[in-house]
Amino acid sequence: MTTSHIPSFNHMSSSSSPTPPLIPKPEPVTDSTDLQTPIPTSSSPPNLYTEFNNVAETFRSAFAQRLKRHDDVTVLNSLTGAIVTVPEEQDPVPVSVPSPSLVTRKPKPQERSSELVRITDVGPEGERQFREVVRKTRMIYDSLRIFLILEELREDFAMGSGSSSRRRGRADSKAASMMKERFLWLNRDKRIVGSIPGVQVGDIFFFRLELCVMGLHGQTQAGIDYLIGSRSSNGEPIATSVIVSGGYEDDDDRGDVIIYTGHGGQDKLGRQAEHQKLEGGNLAMERSMYYGIEVRVVRGFKYENSVSSKVYVYDGLFRIVDSWFDVGKSGFGVFKFRLERIGGQVEMGTSVLKFAKTLKTNPLSVRPSGYISFDISNRKEKAPVYLFNDIDDDREPLYYEYLASASFPRGILFQRSGDDGAGGCDCINGCGSGCLCEMKNGGQFAYDYSGNLIRMRPVIHECGPACKCPPSCRNRVTQKGLRSSLEVFRSVETGWGVRSLDILHAGAFICEYVGVALTREQASILTMNGDTLVYPARFSSARWKAWGDLSEVFPDDYERRPPPSYPQIPPVDFAMDVSKLRNVACYISHSTDSNVIVQFVLHDHNNIMFPRVMLFAAENIPPMTELSLDYGVSDDEWSPKLAICN
DNA sequence: GTTTCTTCAGACCC
DNA sequence: CGGGTCTGAAGAAA
């Protein structure tokens, strides 16, 4: 080991920032371990002087252990400090949680491991498995969160309207706690340095506790997550992830470069009121910089959406390249860390989000070229449907008449909802507990109060023309039309495709799959003529059937909380012809790994053989991400989307 | 193992 | 609609 590896405080007065007068000039001295450790010597304020001595002592003890610099740290083994690569053949699923049903007595929640691991060479198959685990866990979290909100509202309702004004419980944190108790948090058995398997750059979250559940960032509020020194192999704290969400005024976020402020020194109102100290997360950041250990960066910012007012975006890995002590805007000393994004990663989710926002808000003139139409629906939809093509001259979607709602054959048994004498509900103030329409849906509405699908059903009965509830009723989600701005775009890989300029929360209604519905007889004639049709019954959403299934959370009283039963399995046997009239949906690509699901819905009539085909987001979908549906055919077979819309 | 402290939340109120 | 205020849970620190 050479002295160049010994940490010095040079970084604390980087050349780019003038050394503030508050900071003592570090002067190297030789200590008993023959390792040079800088000791401040000036007549600085005593608190800072003490602080520097403390830090110096920390480093002295750390370096007494003769640490080497590891440029290619893969695993810091807690026993040996050895660097090990986690090989591909090792169990690709680190989530070894005991089955909740096997747990009889309430065990102590699993503690976070202190073993620092970097997971590499997972391989495509491993990544797919990890992704599936992450997906499922997120589904449970979201379903549980929504369940808790609905449960609370139900209690309020039962107790009478007077108590409904009480403060709402934190479903986001309660859901996380319950999952923690049931060992459903991910990546607790290893402390992961670098990317979390199954979590991709651009992934969107809505709550800090969601990040905890994923193992992306273990702190519920704090911005720096780190392994504490007393539990690390070399006695030094190591930072693994940071949240950038504007909590400190001295942050300077330039995208690929972030000047990140350390923590501490703020008063109760969040104002910088004293000097920060090189301890805790601040020291961990410095140590991660020294060892070249990358940190995950999650950005959080305001973004109005249906479930919260914020979003958190995973922006990938950054390296800490510099750190120094500076005078903050408040006049108090703060630690600063220069983070630089590591190359070779996909575009940051934050950049995509911002870009999508500019597409929506900027005047038409400053949008990128390639926009052929700013609304191919000609205002038939509630939100514009853009048409974008910057790779060739194809303008095909312009040449079709846009149909906002599917057309069903005349002459078939066709009843307006309510015409059968059953009538609609009488909920003049909107539908609530015990409403007739809730009964039609197995005693539970299909949507939560944000208008998101709670779980898939064979068919959903929305309130219809015969119902007395207002159009704003929670059970009229798909009738309200498009909620997000969609864009039909041209790509080399998939031809025409569809993406959203807004974040689509899991369960969000996207649009109807529109065409001219044909009976089997009508369809057979058309097929003979060579036209290709889409068969709604073939759409596959099998992967998402477990959506909303909380049996892993409520294993014991599953009897008490059975999924509602839905008597009607619709005998859907019609074809959708999109060769002449169509909407945005037919441009959605086919994928067996789809992010959009098909849900049958009845609202303007009650012929169960001809439900409307409604599309919902199957997971949180970031803006500009291509939507995909499982058309129920294998990739090499005929693809309706490719055949019809290309 | 326990208790206390800190924290780039989140909801609600005005 | 934004700041003040209240509650809070995880994890670090004591």
Side-chain angles (χ1 to χ4, degrees), chain A residues 54 58 108-114 141 145 148-149 152-153 164-181 185 187-188 191 205-232 235-253 258-274 276-285 295-305 307-313 315 328-329 334-337 339 350 449-450:
Chain A
N54 290 343
T58 303
K108 235 182 140 228
Q110 182 190 12
E111 225 177 277
R112 265 214 298 184
S113 164
S114 59
Y141 176 80
R145 189 182 57 77
L148 293 170
I149 292 172
E152 190 174 353
L153 289 168
S164 63
S165 60
R166 77 186 158 98
R167 208 178 194 87
R168 265 176 61 195
R170 291 279 302 273
D172 59 312
S173 74
K174 198 172 176 194
S177 294
M178 291 178 71
M179 288 179 71
K180 190 183 178 192
E181 279 173 18
W185 284 28
N187 302 313
R188 302 275 297 174
R191 193 77 69 107
F205 305 86
F206 297 96
F207 300 94
R208 281 290 295 267
L209 277 153
E210 216 177 343
L211 306 176
C212 296
V213 175
M214 297 305 133
L216 201 55
H217 187 85
Q219 304 287 340
T220 51
Q221 287 189 220
I224 305 170
D225 194 17
Y226 59 103
L227 176 63
I228 59 175
S230 63
R231 295 190 65 191
S232 89
E236 294 179 84
I238 300 291
T240 53
S241 58
V242 297
I243 308 287
V244 186
S245 61
Y248 283 80
E249 60 188 359
D250 294 306
D251 281 1
D252 182 9
D253 189 348
I258 303 165
I259 308 300
Y260 191 80
T261 313
H263 64 190
Q266 289 187 330
D267 63 14
K268 279 194 167 161
L269 295 171
R271 290 180 303 220
Q272 207 66 41
E274 52 186 291
Q276 293 186 344
K277 297 170 180 169
L278 189 50
E279 62 187 18
N282 298 349
L283 182 57
M285 288 289 280
V295 291
R296 294 181 291 273
V297 168
V298 176
R299 280 191 174 84
F301 39 87
K302 267 190 152 27
Y303 191 106
E304 283 310 320
N305 65 75
V307 302
S308 71
S309 55
K310 274 185 107 169
V311 294
Y312 295 93
V313 185
D315 273 338
K329 288 180 176 142
V334 295
F335 283 92
K336 289 191 173 175
F337 303 94
L339 310 186
T350 302
Y449 283 91
S450 308

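When reading the values below, keep in mind they use all heavy atoms of this one structure, side chains included, and skip hydrogens, waters and symmetry mates. Letters A, B, ... are given to chains in the order of the sequence lines, protein chains preceding strands, and every chain is numbered from 1.
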| query | If you check every side-chain atom of A:Ile228, which of B:dC8, C:dG11, C:dA12 has the closest atom? | reply | C:dA12
| field | 4.5 Å side-chain heavy-atom contact, A:Leu216 and A:Ser241 | value | no
| Atom-pair distance (CD1 on A:Ile149; C1' on B:dC12), nearest Å | 15 Å
| message | Test your reading of the model: is there a side-chain donor-acceptor pair from A:Glu279 to the backbone of A:Ala284, 3.5 Å cut-off? | response | no
| Reckon A:Ser173 touches a base, only the sugar-phosphate, or nothing at all at heavy-atom distances under 4.0 Å? | sugar-phosphate
| task | Among the candidates C:dT5, B:dT7, C:dA13, find the nucleotide nearest to the side-chain atoms of A:Ala222. | result | B:dT7
| N/O (side chain, A:Arg231) to phosphate O (OP1/OP2, C:dG11) under 4.0 Å | no
| query | With a non-hydrogen cut-off below 4.0 angstrom, is A:Gly280 in contact with a base, only sugar-phosphate, or nothing? | reply | sugar-phosphate
| A:Asp172 has a side chain; which of C:dA12, B:dG10, B:dC8 sits nearest to it? | B:dG10
| Between B:dA9 and A:Arg170, is there an OP1 or OP2 to side-chain N/O distance shorter than 4.0 Å? | no
| said: Take N1-N3 plus N6-O4 or O6-N4 for Watson-Crick, N1-O2 plus O6-N3 for G-U, both under 3.5 Å. Which runs of 3 or more such pairs involve DNA chain B? | reply: B:2-7 with C:9-14, B:9-14 with C:2-7
| query | Hey, is the side chain of A:Ser308 poking within less than 4.0 Å of OP1 or OP2 on B:dG10, counting only N and O atoms? | reply | no
| remark: When A:Phe207 and A:Gly265 are each assigned the nearest nucleotide of DNA chain B, the 5'-most assignment goes to A:Gly265
| Would A:Glu111 and A:Arg231 pass as an ion pair if we require N to O under 4.0 Å? | yes
| task | Would you indicate whether the side-chain heavy atoms of A:Phe205 and A:Met214 approach each other to under 4.5 Å? | result | yes
| With respect to the phosphate group of B:dG10, does any side-chain polar atom (N or O) of A:Lys174 fall under 4.0 Å of OP1 or OP2? | no
| query | Where the side chain of A:Lys180 is defined as all heavy atoms beyond and including C-beta, which of B:dC8, C:dG11, B:dG10 is the nearest nucleotide? | reply | C:dG11
| request: Would you indicate what A:Ile243 reaches in the nucleic acid, counting non-hydrogen atoms under 4.0 angstrom: base, sugar-phosphate, or nothing? | output: base
| task | Give a yes/no answer on whether the side chain of A:Tyr226 brings an N or O atom under 4.0 Å of OP1 or OP2 in B:dT7. | result | no
| message | Checking the side chain of A:Asp250 only, and the main-chain atoms of A:Lys329 only, is there a donor and an acceptor separated by less than 3.5 Å? | response | yes
| task | Identify which nucleotide among B:dG10, C:dT5, C:dG11 has an atom closest to any side-chain atom of A:Leu269, counting heavy atoms from C-beta outward. | result | C:dT5
| task | Scan A:Gly270 against the nucleic acid and name what it touches under 4.0 Å (heavy atoms): base, sugar-phosphate only, or nothing. | result | nothing
| task | Give A:Gly218 one of three labels, base, sugar-phosphate or nothing, depending on what nucleic acid heavy atoms sit under 4.0 Å from its own. | result | sugar-phosphate
| task | Using a cut-off of strictly less than 4.0 Å, decide whether A:Ser177 has a side-chain nitrogen or oxygen near OP1 or OP2 of C:dA10. | result | yes
| task | Would you kindly give the NZ-to-C1' distance between A:Lys302 and C:dG3, to the nearest whole Å? | result | 10 Å
| Between A:Gly229 and A:Leu209, who's closer to the 5' end of DNA chain C by nearest nucleotide? | A:Leu209
| query | A:Arg208 side chain N/O closer than 4.0 Å to the phosphate oxygens (OP1, OP2) of B:dA9? | reply | yes
| remark: note: A:Glu210, atom CD; B:dA9, atom P; distance rounded to Å ~ 14 Å
| request: Write down the distance between NZ (A:Lys268) and C1' (C:dT7), rounded to a whole number of angstrom. | output: 13 Å
| task | Round to a whole Å and report the spacing from CE of A:Met285 to P of B:dT7. | result | 15 Å
| task | Start with the C-alpha distance between A:Lys310 and A:Ser245, add both sets of side-chain angles, then the distance that settles side-chain contact (heavy atoms from CB on, under 4.5 Å), and finish with yes or no. | result | CA-CA 10 Å; A:Lys310 274 185 107 169; A:Ser245 61; 4.2 Å; yes
| message | What is the distance, to the nearest angstrom, from the CD atom on A:Glu249 to the P atom on C:dG3? | response | 13 Å
| request: Using a 4.5 Å cut-off on heavy atoms from C-beta on, say whether the side chain of A:Arg112 contacts that of A:Asp225. | output: yes
| field | Phosphate OP1/OP2 of B:dC8 contacted by A:Tyr312 side-chain N/O (<4.0 Å) | value | no
| said: Counting only side-chain heavy atoms from C-beta out, which of B:dC8, C:dG11, B:dG10 sits nearest to A:Arg112? | reply: C:dG11
| field | Whole-Å distance separating the CZ atom of A:Phe335 from the C1' atom of B:dC8 | value | 18 Å
| message | Strictly distance-based, threshold 3.5 Å: is any side-chain N or O of A:Asp253 a donor or acceptor partner for the main-chain N or O of A:Ile258? | response | no
| field | A:Arg188 side chain near C:dA10 phosphate (N/O to OP1/OP2, under 4.0 Å) | value | no
| said: Could you check whether any side-chain N or O of A:Arg191 sits under 3.5 Å from a backbone N or O of A:Ser113, counting only pairs where one atom can act as donor and the other as acceptor? | reply: yes
| task | Provide, to the nearest angstrom, the distance between the CD atom belonging to A:Glu274 and the C1' atom belonging to B:dT7. | result | 14 Å
